[in-house]
Number of protein chains: 2
Amino acid sequence: MEPLGSFQMLPFAKPRMVAASEIYIQQGKVFKKIFFIKKGILRSYYITESGEEKTIFFRWEGQMAAVPECIFDQEPTRQIWQALEDCELLEIDFDLVEKMSENNFTLVRTRMGFAQKMLLESLKRVESFVLDKPEMRYQKLIAQKPEIIKRVADKHIASFIGVTPVSLSRIRKRLASQKK
Amino acid sequence: MEPLGSFQMLPFAKPRMVAASEIYIQQGKVFKKIFFIKKGILRSYYITESGEEKTIFFRWEGQMAAVPECIFDQEPTRQIWQALEDCELLEIDFDLVEKMSENNFTLVRTRMGFAQKMLLESLKRVESFVLDKPEMRYQKLIAQKPEIIKRVADKHIASFIGVTPVSLSRIRKRLASQKK
DNA sequence: TAATGAAATTAGCTTTTGTTAATTTTTAAT
DNA sequence: ATTAAAAATTAACAAAAGCTAATTTCATTA
């Protein structure tokens, strides 16, 4: 979320390309990097016991991203990250971030601000799950991130808002008929 | 979430009592304090257009709490905080925290760690909304926070997991019959 | 351009949830 | 202990969502 311009780790970033549909981060890995997305969209998803893919997040160009449980708690992740378009990333080793944070006030402040931004985003999403029906979550998503929605398959949107693809299709139909 | 012991703002904290069922934070306020809960439980909730109360959060003894949009963005909140038991709080002025953060490395690190912990908690909750049905969310809640659940009315639990009180009652009945 | 495969939609049916209202149970107060 | 109020449960019905499978649409590539 934090623009890279304000991020002093830039000189240590290494470019990385991921082709559309390729897996960037594998399940079970302790992925101790943060990465800036220069171009493209990725999604992170889980595979349920019944084998379904459930998309949790989208991240796209201009955003920083990471696997929270990996960088905060050194835990292996159950998430999988997949590029939905050809992606250009800049990777930064998180151990280096930690090391530099030992005596770098500005960096720690930046990290704090970043965590706070992510927190606000996540809390908004929890609120929407508590307050809104799936239909409203979909409408808000279209209103707030129209350009992203267009670039992502509906089936991924569906689990992002907590429903099945079939149900999202019905929601779309309902909304279309209400407009007329 | 962060124990107060590790929190150097303790000397600046002011005690505050809130009786059970009383409103602690009013809607529309820019509540620029953080507070430590020495004793008791509070909930934060929204009132929907149709007048229903939707509980978003519980916070209880041993935890730090704040209204994110107030302290991060100086925005008035739509949340209401209510004490569910007689509460003993320790309030800390957030402007003071900000001022002390200007040149206090340890404090900024503590705040970063706190934001990260809250973020992990919030992300887990989003995951549960995407991956689990209400029934599973309820079961996980019982498994993970049994002592808290017992102290809180079911109708508040219901909106916390994203269903109506009637639906939670049915979920409870289903689970009870499955056990036998 | 045609063919192939994936995605989205639709249909039919089942399960769950929402809604409203009545009833029972629990809690708190007199 | 009795009463009053609130909370939880139950019931009945409508609406929405899940599930499976068939069909249509869309996108990719040979």
Side-chain angles (χ1 to χ4, degrees), chain A residues 19-23 41 43 45 48-55 58 82-86 128-139 141-142 148-180, chain B residues 19-23 41 43 45-55 58 82-86 128-139 141-142 148-180:
Chain A
S21 89
E22 267 183 20
I23 301 302
I41 301 190
R43 71 168 178 135
Y45 64 96
T48 65
E49 310 94 45
S50 54
E52 296 161 298
E53 295 183 358
K54 300 281 190 178
T55 297
F58 301 106
Q82 178 190 37
L84 297 178
E85 302 172 353
D86 292 337
S128 192
F129 276 111
V130 170
L131 297 174
D132 304 327
K133 317 187 222 208
E135 187 168 310
M136 177 57 72
R137 285 200 290 281
Y138 181 63
Q139 286 180 296
L141 204 54
I142 298 174
I148 300 302
I149 299 308
K150 279 177 216 142
R151 290 160 65 186
V152 167
D154 282 352
K155 60 175 179 173
H156 299 143
I157 308 283
S159 50
F160 185 82
I161 63 172
V163 295
T164 60
V166 176
S167 190
L168 177 56
S169 182
R170 286 186 292 227
I171 287 170
R172 286 161 57 85
K173 192 178 189 180
R174 273 202 312 264
L175 292 175
S177 72
Q178 281 169 27
K179 267 192 182 172
K180 292 167 201 166
Chain B
S21 89
E22 268 184 19
I23 301 302
I41 301 190
R43 70 169 178 135
Y45 65 97
Y46 286 90
I47 297 180
T48 65
E49 310 94 45
S50 54
E52 296 160 297
E53 295 183 358
K54 300 280 190 178
T55 297
F58 302 105
Q82 178 190 37
L84 297 178
E85 300 173 353
D86 292 337
S128 191
F129 275 111
V130 170
L131 298 175
D132 305 326
K133 319 187 221 208
E135 188 169 309
M136 177 57 72
R137 286 200 290 281
Y138 181 63
Q139 285 178 299
L141 203 56
I142 298 174
I148 300 302
I149 299 308
K150 280 178 215 140
R151 291 159 66 187
V152 167
D154 283 352
K155 59 176 179 172
H156 299 144
I157 309 283
S159 50
F160 185 81
I161 62 172
V163 294
T164 60
V166 175
S167 189
L168 176 57
S169 182
R170 287 185 291 224
I171 287 169
R172 286 161 58 84
K173 193 178 190 179
R174 273 202 312 264
L175 292 175
S177 73
Q178 283 168 25
K179 268 193 182 171
K180 289 166 203 166

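A, B, ... follow the sequence lines: proteins, then strands. Residue 1 opens every chain.
Residues satisfying the salt bridge (Lys or Arg N to Asp or Glu O under 4.0 Å) criterion with B/Glu22, sequence neighbours excluded, are absent altogether. Taking the salt bridge (Lys or Arg N to Asp or Glu O under 4.0 Å) definition, one finds that A/Glu85 meets it with A/Arg151, sequence neighbours left out. Applying the side chain to side chain donor-acceptor pair (under 3.5 Å) criterion to B/Gln139, with sequence neighbours excluded, gives no partner residue. Evaluation of the side chain to side chain contact (heavy atoms under 4.5 Å, CB included) rule for A/Ile23 yields A/Gln26, A/Tyr45, A/Ile80, A/Gln82 as partners, not counting sequence neighbours. For A/Asp86, there are no salt bridge (Lys or Arg N to Asp or Glu O under 4.0 Å) partners two or more places apart in sequence or in a different chain. Residues satisfying the salt bridge (Lys or Arg N to Asp or Glu O under 4.0 Å) criterion with A/Glu52, sequence neighbours excluded, are absent altogether.
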Using residues 152-170 of chain B as the side-chain source, report each donor-acceptor pair under 3.5 Å to any protein atom, sequence neighbours left out, with the distance given to one decimal.
from	atom 1	to	atom 2	distance (Å)
B/Asp154	OD2	B/Arg172	NE	3.4
B/Ser159	OG	B/Thr55	N	2.8
B/Thr164	OG1	B/Ser167	N	3.2

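For residues 157-167 of chain B, no pair satisfies salt bridge (charged side-chain N to carboxylate O under 4.0 Å, His left out), with sequence neighbours left out.
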Atom pairs, protein N/O to nucleotides 3-7 of chain C N/O, distance under 3.5 Å:
from	atom 1	to	atom 2	distance (Å)
C/dA7	OP1	A/Lys155	NZ	2.5
C/dA7	OP2	A/Lys155	NZ	2.8

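The footprint of chain A on DNA chain D, defined by a heavy-atom cutoff below 4.0 Å, extends from D/dA17 to D/dT20.
Each end of the helix from C/dT1-D/dA30 to C/dT30-D/dA1 yields a helix axis from five base pairs, and these two axes differ in direction by 50° (to the nearest 10 degrees).
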At under 4.0 Å between heavy atoms, how does the protein contact nucleotides 16-26 of chain C? Give one character per nucleotide, 5' to 3', with B, S or -. -BBBB------
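Put simply, the side chain of A/Val130 does not reach to within 4.5 Å of the side chain of B/Tyr46, judged on heavy atoms.
The nearest pair of heavy atoms linking A/Ala83 to A/Ala19 is CB-O, 3.5 Å.
Heavy atoms of other residues, nucleotides or ligands lying less than 6.0 angstrom from NZ of A/Lys54 number more than 12.
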